[in-house]
Structure formats: C-alpha cells, structure tokens
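Notes follow the structure.
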Amino acid sequence: MSIWLLLLIPLIATTTITLITRRHKDLSSYISIGAVVLCFIISIKPILYFLRNPHAEPLEQSFTWLNIPGLYVEIGTLLDPLSVLMLFIVTFVGSLIHIYSRGYMHGDPGYSRFFACLSLFIFAMLGIVLANNFIQMFIFWELVGLASYLLIGYYFEKPSAADAAKKAFLVNRVGDFGFILGIFVIFYATGTFNFLAIEKQIEAGNVGDWTLLLAALLIFCGVVGKSAQFPLHVWLPDAMEGPTPVSALIHAATMVAAGVYLLARTAFLYHAAPPEAAMVVAYIGGFTALLAATIALAQSDIKRVIAYSTLASLGYMVMAMGVGGVSAGMLYLTTHAFFKALLFLAAGSVIHALHTNDIWKMGGLYRKMKITGSTFGIGALAMIGVFPFSGFFAKDEILVATLASGNYVLFIGGIITAFLIAIFMSKLVFVTFFGEERYEGHPHESPPVMTVPLIILAFFAAVSGFVALPGLEPNFSTYIDGHVEGGEGGHFVAILSTLVVLAGILVAWLIYQRGFVRAEVIANHCHPLYRVLENRFYIDDFYDRVIVERIYNGIGRAFNFTEIHIIIGFFVNGSAFITREIGKALRLLTTGRLQEYALLMVGGVVILLFFFIFG
Amino acid sequence: MEGFPVLSAIILSPLIAVLILLFVREERVDLIRGIAVVSTSITLILSLYLLFAYDTTKGGFQFEERIEWVRSLGITYHLGVDGISIAMVVLTAFVIFTGVFVSWVGITHRIKEHYIFLLLLVAGVFGVFTSLDLLFFYLFYELAVIPMYPLIGIWGSANRQYATMKLTLYLSFGAVFALLGILSIYFTAGQITGKYTFDLLEINKVIFPSRLYQIVVFLPLLFGFGVLTPVAPFHSWSPIGHAAAPSAVSMLHAGVLMKLGAYGIIRIAMWLLPEGAQFWMPVVAILCLINIFYGGLVAMTRKDMKFMIGYSSSSHMGYVLLGMASLNYVSMNGAVLLMFAHGIMTALAFALIGFVYDQAHTRMTYDFSGLAHRMPFIAVAFAVMGFASAGLPGLANFVSELLIFVGSFKVYPLQAVVAVFGIIVTATYMLRAIRNVFFCELMEEWKHLKDATTFVERLPYVVLIAVLLIVGFYPSILVDVINTGVVPLIDKINGVTQVAGG
C-alpha cells in the first residue's frame with residue numbers, strides 16, 4: 001500500500017496548494033517540501049529491501065483503470081532495482097532542490113504556484129518511475145511535459161520564457177508522436193502494455209524482427225524528445241528560461257533522465273531487436289554528446305553552458321544504452337543527477353548574488369562565495385570526470401562499454417567529447433570564480449537554506465562513483481544488470497580518459513586563467529566557425545524559419561486559402577449565388593397580372609389536351 | 001424511482017420551463033434566470049441518475065417508456081436509453097446547465113426570449129438522444145435545429161445574418177436527406193414484416209435482405225447526418241456558425257448539436273443498416289482525414305479564437321468519425337467518449353472566449369497580450385481547455401483519443417498516424433493562443449478587464465473542468481456504461497461480415 005502513497009502524496013500536495021493554501025506562501029512551500037521528503041522516507045524501505053536482495057524478483061501491484069473488450073489498461077507499480085534507484089534519485093535530489101528553492105524563490109510573487117508545480121512534477125516523475133506498463137508510462141510522461149511547460153514558463157510575462165515553454169512542450173510532442181505509435185506496435189504484437197508480460201512474449205520469440213525494430217525505433221523517438229537528443233535537442237537550452245532550481249531538478253537531474261530510464265526499462269526490447277535499433281540509439285547519443293560539447297565552447301551564459309553540458313551528458317547516457325551498457329548508463333544517470341543538480345544550484349547561487357547570467361560579468365567570485373565556489377568546483381570536476389570524483393567512474397564505464405562493443409568511432413567521439421567537456425567546464429570555473437573581478441555590486445554568500453543542499457550534493461557528487469568500484473561485490477551493476485561486468489580494457493580507458501581531460505583542463509587554464517592566448521583572439525581568428533558555434537549550428541534557425549514557418553505554417557496557409565476562396569468562396573457561396581440568380585430569373589414569371597397567369601393556364605391545358613388526344 | 005418516467009421528465013423539464021417563461025414578465029430577469037437554472041438543474045440531476053442507475057450487467061435499452069401515438073401508422077412515443085445515449089444525455093445536461101450560467105453573465109437584452117429558444121433547443125436534443133421511434137427522433141431533431149436560427153440571428157455577433165442563414169440551410173438540407181432515408185427504412189421494413197412501424201427496436205429486428213438496398217439507403221442517412229457532424233467537405237457552416245453565435249449557443253452548437261449528427265449515423269444508419277456501414281465507413285475513414293488534418297491546419301492559421309475552436313471542432317469530430325469508421329469495440333468506445341469529452345471541452349472553450357469577448361469586444365489573438373495578469377482564473381481555465389483539447393492525460397479527451405488511436409491503428413494505420421500527428425497540430429494552435437493571449441506583458445488597453453470572481457461567473461468553468469478531470473482520471477465511470485451500448489452495435493455490424501465472408 002505504502003507504494004501508492006508515493007503517487008498520492010505529491011498529488012494531494014499540488015491540489016491542496018492550488019485550491020486551498022495558495023495565498024499562504026510559507027505554508028504552501030512547507031506542504032510541497034513535506035510531500036517530497038515524505039516520499040523520500042517512504043522510498044527508503046524498498047531501497048533497503050533491494051539493496052539487501054540484489055537478485056530479488058520484481059514486486060508488482062496494479063489495479064484496473066480501463067477495461068473494455070480488446071483493451072485492458074492498468075495503473076500499477078513495478079519495483080525492481082532499476083526503479084528503486086530512480087526513486088532514490090528523484091526523491092532525494094528532489095528534496096534537496098525543494099529545500100533550496102525556499103531560499104532561492106524567496107519574495108517571488110508566484111511562490112505558491114512554483115511549489116504547486118514542483119509537486120506536480122514529483123507526482124508525474126514518480127509515476128514514470130513506478131509505471132509497470134507503457135500506457136501509464138506515457139500518461140505520466142506527458143504529465144512531466146506539462147509540469148515542465150508550467151515551470152519553464154514560470155516567468156510567463158517574459159516573451160522568451162513563454163516561447164521556451166511552448167517550444168519545450170511541442171518539441172516533446174513530436175517525439176511522443178513516435179513513442180505512442182511504438183507503443184501501439186508493441187501492443188498489437190503482444191496484446192499487452194505490461195512491461196514484464198511484453199518481455200516474456202519477446203523472450204519467447206513471439207514477435208517478429210521487423211516489428212521489434214519498428215517498435216524500438218519508434219519508442220526511441222520518445223527518448224529523443226524527452227532526453228533532448230539530436231535532432232530534438234533544441235528545447236533543452238531554451239528551457240533555462242525557468243527559475244534555476246527548475247533547471248536543476250527538471251532539465252538536468254531528473255526529467256530528462258526519464259528518456260534514459262525508459263531505455264533501461266525497455267532494454268529487453270533493444271536487446272531482442274535487430275542490432276540496427278541499438279546502433280541508431282548509440283550513434284544518436286554519441287553525436288548529440290559531441291554536438292553539444294562543441295556548441296558549449298562558444299556560449300557565455302552560465303546556465304546555457306551547463307545546459308549544453310547536460311546535453312552532452314545525456315548523449316553519453318543514451319550512447320551507453322545503445323552499446324548495451326545499461327548499468328554504465330544508469331550509473332552515469334545517478335552521478336549526473338548529483339553533480340548536475342549541484343552545478344545548477346551553485347550557478348543559481350551565483351545568479352542570486354549577481355542577478356546576471358553572463359560569465360563575462362563575473363570573475364573572482366571565489367573570494368566572496370567560498371561555499372558556492374568550492375561546491376561548484378567539485379561539481380565541475382565530477383562533470384569533467386577527474387579521478388576520484390563520481391563522474392570519472394560513470395564516464396569510464398560508458399567508454400569501456402563502448403570500446404567493448406567494438407564501436408571505435410563512437411569511442412573516439414566519446415573521448416573527444418570528454419576533452420571538450422573538460423575545456424568548457426574548466427573555463428566556466430576559471431572565468432566565474434577566479435581571475436579579475438568584473439562584476440558590479442557586492443555579492444555575498446547565499447543563506448544556509450541554499451548552501452546546505454549544495455554541500456550535501458557536493459558530497460554525493462564527489463563520492464557516489466565508488467559504488468561502481470571494480471572488484472566491489474555486490475557492485476552497482478550487480479543490481480542493474482544482475483552481474484558484474486568484466487572490465488576488459490579498463491586500465492587503458494581510465495588512463496587515456498584521464499590524460500585527455502587533464503589536457504582539456506590545461507588548455508582552459510592556459511587560455512582563461514593565464515591569458516596565454518586571449519579568448520577574443522581565438523574568437524576573432526576562427527570567426528566563421530565561432531559564429532556557427534555561437535548560433536548552435538543554425539539548427540534552431542532552420543527549424544524556426546524553414547520547418548515551422550515555411551512548411552508547417554505554409555501548409556496551414558495554403559489550406560486556409562483553399563477554405564476561404566475555393567470551398568467557401570467558390571462552391572458554397574457559388575451555389576448560393578446560382579440559386580439566387582435562378583430565383584431572380586423565375587421571379588420574372590411572377591408578374592402579378594391575372595391575365596398572364598390565365599394565359600399560361602390555358603396554354604398548359606391545351607398542351608395536356610394535345611397529349612391526351614394524340615398521345 | 002421505480003416507474004417514474006425519468007426520460008420524459010428530462011425532456012419535459014425544459015419544455016415546462018418554456019411554458020412558464022411565456023407567462024413571466026420580461027423585466028423579471030432574476031425570476032427568468034431562476035426558472036432556467038431550476039429546470040436545467042433538474043435535467044442534470046436526472047441525467048446523472050440515469051448514469052448511475054443504469055444496469056451495466058443487463059445492458060440494452062433501459063428506462064423505457066412507450067405510449068401508442070398513431071396506431072395505424074405505427075408511431076409510438078417510445079423512449080429508452082442505452083450506454084451510448086446515456087453518455088450523450090449527460091453531456092447535454094452539463095452543457096445546458098453551464099450554458100444557462102454563461103448566458104446569465106453574457107446575455108443582457110431580450111433575456112426571456114433567449115432562454116425560451118435555448119430551452120426549446122435543448123429539449124429537442126434530449127428528445128433525439130432518448131427517442132426509440134424514428135418519427136419522434138426526426139421531429140426532435142428538427143426541434144433542436146430550428147431555434148438556432150433566431151438564437152444566432154438575434155443575439156449573434158458579426159456576420160450573423162450570413163451565418164445563421166447558411167447554418168439553417170445546411171442543416172435543413174441535410175435533414176431532408178435523413179428524412180428520405182428514414183422513410184425508406186420505414187416502408188421497406190413494413191413491406192418485409194407486413195407491420196408498418198417507426199419503432200427502432202422493432203425495425204432493428206428486421207433483416208434487410210438486399211445488401212444493395214442497405215448500401216443505397218445508407219448514403220442519404222450518412223450525408224444528412226454527416227452534414228451536421230460535420231463530415232468534410234460539408235463543414236463550412238459550422239465554424240462561422242460558432243463564431244457568430246452568442247456564447248451559450250456556441251457551447252450547445254459545438255458541444256451538443258454536432259454530436260446529434262454523429263449520433264444519428266450511429267443510432268440509425270450504422271445500427272439499422274450494418275452492411276451499409278461495412279460499405280460506407282471506409283469512405284468515412286478517408287473523409288475524416290480531411291477533417292483531422294485539413295481542419296486542424298486551418299484552425300492553426302486562424303487568429304479569431306472562435307474560428308480557431310470552430311475548425312478545431314471539425315478537426316476533432318474527424319477523430320470521432322475515425323473511431324466510428326474503424327468498426328471495433330475499442331475505437332467505437334473512443335468515438336462515443338470523445339463525443340462526450342469534446343462536447344465538454346469545446347463548451348468550456350466557447351464559454352471562456354465569450355467571457356473575454358464580452359469585455360474586450362475582440363477575439364483576435366494578436367489583439368491581446370498578458371491577460372493572465374488580469375484574469376488568472378480565466379487563464380488557468382483556458383489552459384486546462386487547451387491541454388484537454390491537445391489530449392493531455394488526466395483530462396477526458398486523452399482517454400477517448402487513446403481508445404480511438406488504439407482501435408483504429410490496426411484497421412487504418414495511415415489514418416491513425418495522421419490522427420496522432422493531429423494532436424501535435426492541436427497542441428500547436430492551443431499553445432500559441434495561450435501564449436499570445438495570456439502570456440507576456442499586459443497591454444495598457446486591457447488593464448480594465450475583470451476576472452471571473454463571483455459564484456455565477458465561475459460555476460460553469462469549475463463544473464466543466466471538474467467533469468473533464470473526473471472522466472480523465474476515472475474513465476470507467478463513463479466507459480463501462482458506453483461499452484454496454486457499443487458491444488451489441490459492433491457485434492451486429494461485424495456479424496454481418498462473418499456471414500458474408502463465411
């Protein structure tokens with residue numbers, strides 16, 4: 001029973017705030033924070049259960065939601081190591097971000113609305129995590145989209161925020177278009193939406209290869225939308241229009257991870273499908289990572305840089321899933337949740353102090369904000385993947401899995417991505433916290449309600465990688481994969497990646513710290529390339545100007561023209577016109593002169609007589 | 001309530017209110033409104049009673065009432081409801097109940113006549129949904145259509161003469177074809193059995209031997225009712241009719257009247273002429289693409305919000321048609337549920353647009369900006385409506401669209417894919433409208449606008465949103481009932497295939 005509380009509590013919290021307590025800001029925030037913390041406490045029991053029993057059978061409960069002949073839909077919960085791991089991430093990181101938000105959003109006029117949306121998000125996200133079937137997954141998947149729409153558009157008076165919210169929802173919808181069709185394909189192949197039942201059917205070989213391939217690729221569309229993979233990655237950087245805790249919670253730590261979680265949940269599908277499906281996944285992931293890391297080099301908004309780093313991370317995770325490294329991807333997801341939430345919240349702390357996002361208007365902040373600065377540093381080191389920070393282990397596992405799968409192109413791409421990430425993350429640290437002070441005003445450290453979550457997250461960002469320490473038994477992958485992965489080539493990858501990221505840090509240090517080469521000089525020297533990067537390879541422009549404006553709206557306008565001028569103007573009004581003209585013509589007969597009517601009558605009689613007599 | 005004629009009471013409640021209203025003085029506005037509220041409350045309560053008292057284990061037609069009318073011609077006043085009609089009756093009851101409150105706020109001149117026509121119209125609608133006699137069905141159908149003429153002509157907005165003339169002509173034109181079909185069925189069935197009757201249940205037992213006959217007679221029925229549904233390309237009366245009508249009339253028009261057409265196709269054409277359905281529904285499955293795709297994209301270009309919702313309605317009725325055309329349990333359940341959900345959602349839409357229009361005197365999305373600052377309640381309600389329309393889970397439309405997609409995916413994969421794409425289009429224009437009207441900075445000229453604050457102002461929105469949410473979260477409340485009506489219908493249609501195929 002207590003598992004259902006995980007869904008009920010946040011739902012009750014969001015409704016209570018919306019309907020009853022919205023005028024009482026503090027009370028609303030306490031309800032929301034209380035709800036997510038309570039969820040965390042409830043999750044501890046299943047977490048401990050699976051921690052003690054790594055090979056325990058999944059626990060499933062469900063009730064009927066809709067039952068008509070030909071369609072049975074349930075709402076249920078599925079607990080296994082994978083879902084309890086996600087429970088832990090969502091409720092734990094979620095709790096910290098809720099608490100942090102109390103400080104960050106202080107004095108905001110929409111305080112209660114903000115917390116209502118956060119609770120709605122937790123509700124939706126937990127629904128995804130617990131889902132035992134595809135329809136439920138889709139339902140909560142869409143609700144997560146709603147929560148994200150509301151939170152990105154939180155400052156709805158800003159046109160940029162209003163646009164970003166709309167864009168996020170619609171781009172996700174494009175992905176979901178494929179997702180739901182994929183669900184239908186699976187449903188017609190197996191007759192059920194239930195994950196475990198589908199898995200059984202597929203293992204029994206009841207589903208054909210082409211069907212599996214089609215389903216796998218279509219379902220992946222949903223992942224491409226939600227986890228912001230190329231070519232649907234464009235919404236994520238814009239989503240930074242939302243308040244910073246939202247960026248931390250939704251667009252870094254949890255929501256975007258839902259796509260990766262879906263891949264892990266349906267790993268059996270990609271495993272059974274022809275290898276092309278998994279290859280598509282892996283290459284899309286690898287390409288997204290590289291693309292994002294390249295674009296990040298030329299961005300100067302602190303949140304945008306972190307947003308692109310998120311894209312790169314998501315690319316890594318998806319690539320891991322594609323090459324079959326489910327536990328590697330989930331490990332990255334876990335550590336990423338900590339260090340990315342940390343990076344965003346620390347960035348939020350900076351923004352809170354300076355009221356700007358531009359890193360060139362910061363600098364030397366470490367002296368004023370020791371806690372923020374050092375925790376941000378830890379987050380950056382974890383993101384870059386320096387030993388022994390958590391990101392190192394996660395990235396290492398992914399690269400090992402990629403190498404082991406024999407995809408050398410992807411492996412090299414992954415190494416280059418790691419190099420680029422090292423450059424722009426170090427740049428962020430150097431330019432923001434060190435060097436000359438370019439800011440205005442008097443920044444000071446944020447209050448404890450914000451810094452304490454930072455410290456806790458920093459701790460996890462630093463050490464959480466050790467759960468996957470090779471040789472540990474049971475190890476992280478014991479829970480996720482059911483066995484410990486063999487570490488073929490582990491040392492080679494570890495050394496190579498460490499060298500590469502150290503080189504990246506060195507490059508950033510030379511440019512941005514020592515001024516060995518001025519950043520402007522590079523920018524001027526590579527002007528066209530820099531412009532291309534700054535404009536994100538013009539992908540957004542292409543979508544806006546060609547796909548949406550020319551094609552999408554263009555077809556709409558053509559149809560509207562048809563509607564107004566051809567259907568209504570010609571056919572409808574034309575037939576009305578003809579009727580009217582005929583009426584006018586016939587009216588001439590109705591002269592009102594009795595003699596003429598009599599004449600016509602006599603004429604008729606004569607004609608009839610003629611027929612009767614001679615006919 | 002054993003023996004109490006619930007269905008007659010539902011039809012008579014608005015009619016009695018009309019009679020009383022005739023004797024009330026024009027100036028006694030509160031009394032007039034009170035009478036309308038009381039009579040529609042009664043219908044709402046009775047309709048909900050139907051929903052909960054209907055025995056789903058027994059199925060079939062229940063709450064039957066039968067009074068001989070003209071024995072020689074086989075005309076009986078025969079009422080009864082199955083799962084499909086109950087959903088429609090409940091829908092109508094909600095729309096008119098909330099519509100009365102919307103008119104309370106929005107209609108300021110000739111209030112008495114307005115309510116008289118409104119209640120007449122709705123009595124006709126209830127009659128159609130509960131009649132089991134073809135002639136009464138047709139009479140009620142006309143009763144529902146005719147009051148639209150004065151309602152739009154007198155209380156309408158821009159271009160109302162053109163709109164109301166076009167609407168009335170289209171619908172009367174369609175009705176004539178439907179009548180032809182009905183009469184043909186009456187005479188043919190009479191010839192076969194030797195007993196002439198308009199009783200639907202009696203005719204239902206008749207097996208029309210000739211496949212050709214079924215195919216030929218299905219067409220006028222499909223066309224006649226299809227014009228009202230509206231089946232593209234005979235839809236152009238509908239958006240302009242919505243646009244010109246006052247709020248409550250638009251609500252009934254899009255919420256309920258369009259469903260009369262689809263209901264007519266289901267109840268008369270498909271049910272009585274199963275082989276005709278087998279033949280013609282594939283054609284409908286093609287035409288519905290025009291509705292869905294073309295209608296949706298036209299809606300996307302429209303800046304007048306009422307036109308936008310108008311084209312959106314014809315787009316969404318395309319989903320209903322697709323659900324009907326797929327001829328299986330799941331899709332048919334979806335079609336009926338979408339008729340319900342879309343009725344509620346679109347009533348909400350027109351009520352909201354009317355609320356803004358009555359104050360601002362414009363409905364163009366580009367005229368507005370940042371209304372959410374002044375009207376947070378209306379903004380939230382509009383967003384709920386928009387998301388419902390775009391098929392967001394948690395709201396009734398999602399469930400119905402899901403059923404239609406699942407049901408049609410196997411039969412008409414292309415149509416299903418286009419239909420799924422259609423929800424992206426819906427989301428596009430809804431979110432654009434929300435962004436342009438309610439988001440961004442508030443403009444100086446709209447600082448005088450007022451939010452819905454009083455009980456009367458808020459009630460209709462709260463009720464409609466609550467219905468969308470309840471059905472969205474707990475769809476079985478309706479689907480279990482609808483399904484009892486769908487199963488025998490689909491069995492009858494598909495039973496024919498087996499015979500023909502085997």
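In what follows, chains carry the letters A, B, and so on, assigned in the order in which the sequence lines appear, proteins first and then strands, with residues in each chain numbered from 1.
Contact of B:V399 with chain A is made through the side chain alone, with heavy-atom distances under 4.5 Å. Residue contact with chain A, scored on non-hydrogen atoms closer than 4.5 Å, is absent for B:V486. For a residue to count as touching a neighbouring chain, one of its non-hydrogen atoms must lie under 4.5 Å from one of that chain's; by this rule A:F559 touches chain B with backbone and side chain alike. For a residue to count as touching a neighbouring chain, one of its non-hydrogen atoms must lie under 4.5 Å from one of that chain's; by this rule A:I567 touches chain B with the side chain only. Proximity to chain B (any heavy atom under 4.5 Å) is shown, for A:V185, by both the backbone and the side chain. For B:I490, no part sits under 4.5 Å from any heavy atom of chain A, backbone or side chain. Proximity to chain B (any heavy atom under 4.5 Å) is restricted, for A:I135, to the side chain, taken from C-beta onward. For A:I139, the parts lying under 4.5 angstrom from a heavy atom of chain B are both the backbone and the side chain. Contact of B:A299 with chain A is not made at all, since no heavy-atom distance falls under 4.5 Å.
The line from CD1 of A:I68 to CD1 of B:I482 is 9.0 Å long, rounded to the nearest 0.5 Å.
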Return one line per donor-acceptor pair between chain A and chain B under 3.5 Å, naming both atoms and the distance rounded to 0.1 Å.
residue, atom, partner, partner atom, Å
A:W65, O, B:S476, OG, 2.8
A:W65, NE1, B:F473, O, 2.7
A:F156, O, B:C440, N, 2.8
A:E157, O, B:E441, N, 3.4
A:D163, OD1, B:R435, NE, 2.3
A:D163, OD1, B:R435, NH2, 3.3
A:D163, OD2, B:R435, NH2, 3.4
A:R173, NH1, B:A390, O, 2.8
A:R173, NH2, B:A390, O, 3.0
A:Y188, OH, B:V406, O, 2.4
A:Y552, OH, B:T428, OG1, 2.7
A:N553, OD1, B:R432, NH1, 3.2
A:N553, OD1, B:R432, NH2, 3.2
A:N560, OD1, B:R302, NE, 2.9
A:N560, OD1, B:R302, NH2, 2.9
A:N560, ND2, B:T301, OG1, 3.3
A:E563, N, B:Y294, OH, 3.2
A:E563, OE1, B:H235, NE2, 3.1
A:E563, OE1, B:Y294, OH, 2.6
A:E563, OE2, B:H235, NE2, 3.0
A:E563, OE2, B:Y311, OH, 2.6
A:N573, OD1, B:Y162, OH, 2.5
A:N573, ND2, B:Y162, OH, 3.3

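Residue pairs meeting the salt bridge (Lys or Arg N to Asp or Glu O under 4.0 Å) criterion with at least one partner in residues 123-136 of chain A, sequence neighbours excluded, are absent.
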